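Computation of the quantities below employed the complete heavy-atom set of this structure, encompassing side-chain atoms and omitting hydrogens, waters and symmetry-equivalent molecules. Start at 1 and go down the list; that is how both ligands and their atoms are numbered. Bear in mind the structure is a predicted one, so any value in this text is a computation, not a measurement.
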Amino acid sequence: MKKRRKRALFITFEGPDGAGKTTHAKRLKHDLEAEGYKVLLTREPGGSHFGERVRDILLDRKTGKISPITELLLYESIRAHHVETVIKPSIESGTIVISDRFTDASIAYQGYGRGIPIEIVKTLNSIATSGLVPDVTILIDIKPEVALRGIAKRVQDVIGNSKKNRKGLDRIESAGNAFHHRVRQAYLEMSKDSSGRILCIHRQNKFEETYALIINELSRKFDFFRKVFNN
Ligand code: TMP
């Protein structure tokens with residue numbers, strides 16, 4: 001395996017539920033590994049044994065209603081452990097890390113979605129990460145109606161705002177249409193204000209078309225990707 005410079009890239013994927021970011025993150029890992037790079041694909045909530053256990057609590061609808069700040073603190077505790085035990089040691093040893101969601105998700109979901117003041121979310125993000133910021137973030141944008149429809153047919157009733165058939169959705173997915181619209185809007189605004197860190201990709205009908213846009217944007221931003229992908 002080829003190793004990169006000492007501190008490797010830290011890349012995150014973000015987007016509304018059902019945007020398809022996980023599949024793109026897996027493909028990027030695959031393509032970088034094919035070029036000889038060491039890559040770790042991880043996720044939030046999750047990324048460690050502890051994080052995966054708390055993920056189950058956060059997403060399980062049996063958990064029921066918890067206050068927004070309780071929810072935020074759980075995401076942040078997962079993050080603190082994830083950064084300290086997985087992300088930092090990996091990038092410092094030269095492994096490229098791709099995380100399927102990170103700090104921006106807390107701003108979008110708990111800040112704009114649940115209504116916690118953004119400054120509080122940002123402060124907790126910075127405590128949990130000890131100031132670690134991704135080198136680049138791929139935001140896959142999609143309208144919530146389309147995204148939620150795509151998660152599964154089971155979601156159709158959420159779009160129609162009916163409560164009767166939401167049982168297939170997890171605790172966050174079932175938060176309702178208005179919530180998911182706020183999340184999407186938040187991501188779009190954050191990408192405008194991010195000084196180029198968050199690259200906004202509008203999801204296309206075909207996977208390959210969306211993935212090509214991701215590679216183009218990464219190549220425009222980093223010589224590294226231009227060379228790797230001959231772009
Ligand atoms: P996933 O489906 O992308 O794995 O993410 C699980 C859910 O957790 C998703 O609905 C977004 C939500 N989430 C937050 O609300 N806040 C956060 O900080 C993170 C990382 C995820």
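A heavy-atom distance below 4.5 Å is not found between the side chains of Lys206 and Tyr211. Annotation: side chain of Thr12 is not in contact with side chain of Val97 (no heavy-atom distance under 4.5 Å). At least one side-chain heavy atom of Asp17 sits less than 4.5 Å from a side-chain heavy atom of Tyr109.
Sorted by first then second residue, the ring pair (Phe, Tyr, Trp, His ring centres under 6.0 Å) pairs that include residues 39-77, not counting sequence neighbours, are Phe50-His81. Among residues at least two apart or in separate chains, salt bridge (charged side-chain N to carboxylate O under 4.0 Å, His left out) pairs with a member in residues 111-130 are Glu71-Arg114.
Phe225 is linked by a ring-ring contact (aromatic ring centres under 6.0 Å, His included) to Phe222, counting only residues two or more places apart in sequence or in another chain.
In this structure, ligand 1 sits under 4.0 Å from heavy atoms belonging to Asp17, Lys21, Glu44, Pro45, Arg55, Leu59, Tyr75, Arg79, Arg101, Ala105, Ser106, Tyr109, Gln110, Ile172.
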